[in-house]
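Just below is one structure, and these are the notes that go with it.
Here is how names work: the chains are called A, B, and so on, in the same order as the sequence lines, proteins then strands, and each is numbered from 1.
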Protein chains: 2
Amino acid sequence: MKAAKQKRLEAKGWKVGSAADFLELSEEEAAYIELKLKLASSLKEVRTRRHLTQKEFAKRIDSSQSRVAKMETGDRSVSLDLLIKSLLALGVTNKDIGKVITNNNQAA
Amino acid sequence: MKAAKQKRLEAKGWKVGSAADFLELSEEEAAYIELKLKLASSLKEVRTRRHLTQKEFAKRIDSSQSRVAKMETGDRSVSLDLLIKSLLALGVTNKDIGKVITNNNQAA
DNA sequence: TGCGAATATGTCAATTCTGACATAGACTTA
DNA sequence: TAAGTCTATGTCAGAATTGACATATTCGCA
């Protein structure tokens, strides 16, 4: 596991104190976190591309600015369900979501 | 929306009484349900390919047979989170999950 | 620098999800 | 038919997620 990847995983709620701590993550946990972060950054990218503030977007999906912020940072308290429903609300298709998950990099 | 697709959506908790009822689903809701059903059938396929019963698989992921059954039928009460974590537990990679979501058909 | 807009963080009550249990149904085999 | 195995369905207490609010931090710009 590379340092670059570790850095990407240091999102809110997933911060790690050391490489040793980090390595305690199972393959499965790491994959889950990676997936969440991919969707999170994708959401942020699509939202900004639409020229929407978090507040504006929150209103559109009947949520709050703070929750949108948590979504985009991949906070522990947000589910994949919420992330995916939010992407769908922005008009992103299942196909595109699949691509986001499949790609090793990121972006929608 | 084709009849074949409607039939696929008639999973537990999402049954529809008529085409009219069905059409009340927004694009967004339909996409969400489709996505869930893709993951659900994929899970069932991978599990059976591994020659595991629902009970055996449930034990492996610290869950119960009944919840696994609900996962595989795309029950309302199961989240995408649980479906995806379950797939990861079976060794399915993020890349494969992305493919499942992207494909118009199904299977992992 | 300072100000306002945007984003991030912490908390919590209400809603939703989860594992577990009971039980029903489907299927096979004796 | 009966019994055994597997899967499906209904229910519920406990756990996790959610929107909302307060507040902090960051960012852009005059």
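Heavy atoms of B/Asp81 sit nowhere under 4.0 angstrom from any nucleic acid atom. Residue B/Thr53 is in sugar-phosphate contact alone, with no base atom involved, counting any heavy-atom pair closer than 4.0 Å across all strands shown. The residue B/Lys44 sits close only to the backbone: its heavy atoms come under 4.0 Å of sugar-phosphate atoms, none of a base.
By the side chain to side chain contact (heavy atoms under 4.5 Å, CB included) test, B/Ala58 pairs with B/Val68, sequence neighbours left out. With sequence neighbours excluded, no residue forms a side-chain hydrogen bond (donor to acceptor under 3.5 Å, both in side chains) with A/Thr102. Every residue two or more places apart in sequence or in another chain that forms a side-chain hydrogen bond (donor to acceptor under 3.5 Å, both in side chains) with A/Gln54 is listed here: A/Gln65, A/Glu72. Scored by the salt bridge (charged side-chain N to carboxylate O under 4.0 Å, His left out) test, A/Arg67 finds no partners at all (sequence neighbours excluded).
A salt bridge links A/Arg49 to A/Glu45: one of the charged nitrogens lies within less than 4.0 Å of a carboxylate oxygen.
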Under 3.5 Å, which N/O atoms of the protein pair with N/O atoms of nucleotides 27-30 of chain C?
none

Are any protein N/O atoms closer than 3.5 Å to N/O atoms in nucleotides 21-28 of chain D? If there are, list each pair with its distance.
residue : atom : partner : partner atom : Å
D/dC21  : N4   : A/Ser66 : OG           : 2.4

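What separates CZ of A/Arg76 from C1' of C/dG10 is a distance of 15 Å, to the nearest Å. As rounded to whole Å, 19 Å separates atom C1' of D/dT7 from atom NZ of B/Lys59. If you measure from atom CG of B/Leu43 to atom P of D/dT7, you get 12 Å, rounded to the nearest angstrom. One interatomic measurement links the two molecules: CD1 of A/Ile61 to C1' of D/dA20, which rounds to 13 Å at whole-angstrom precision. Taking atom CG of residue B/Leu80 and atom P of nucleotide C/dT16, one finds them 16 Å apart after rounding to whole Å. Spacing between atom CD1 of A/Ile84 and atom P of D/dT18 amounts to 12 Å, rounded to whole angstrom units. The separation between A/Leu82 atom CG and D/dA16 atom C1' is 13 Å, rounded to whole Å. Summarising the geometry, the separation between CZ on B/Arg50 and C1' on D/dC6 is reported as 20 Å, rounded to the nearest angstrom.
At a cut-off of 3.5 Å, with distance as the only test, a side-chain donor of B/Ser77 or B/Asp75 sits close to an acceptor on the other residue. Counting only N and O atoms by type, the side chains of B/Asp81 and A/Tyr32 include a donor and acceptor under 3.5 Å apart.
Not one side-chain nitrogen or oxygen of B/Ser77 sits closer than 4.0 Å to the OP1 or OP2 atom of C/dC17. Checking the phosphate oxygens (OP1, OP2) of D/dA8, no side-chain nitrogen or oxygen of B/Lys55 falls inside 4.0 Å. Under 4.0 angstrom from either OP1 or OP2 of D/dT7 there lies no side-chain N or O belonging to B/Thr73.
For the pair B/Lys85 and B/Val68, nearest-nucleotide mapping onto DNA chain D gives the more 5' position to B/Val68.
Here B/Asn94 contributes atom CG and A/Leu35 contributes atom CG; the two are 5.0 Å apart, rounded to the nearest 0.5 Å. With values rounded to the nearest 0.5 angstrom, B/Lys55 atom NZ is found 12.0 Å from B/Ser66 atom OG.
The closest side-chain heavy-atom distance from A/Ser63 to A/Phe57 is not below 4.5 Å.
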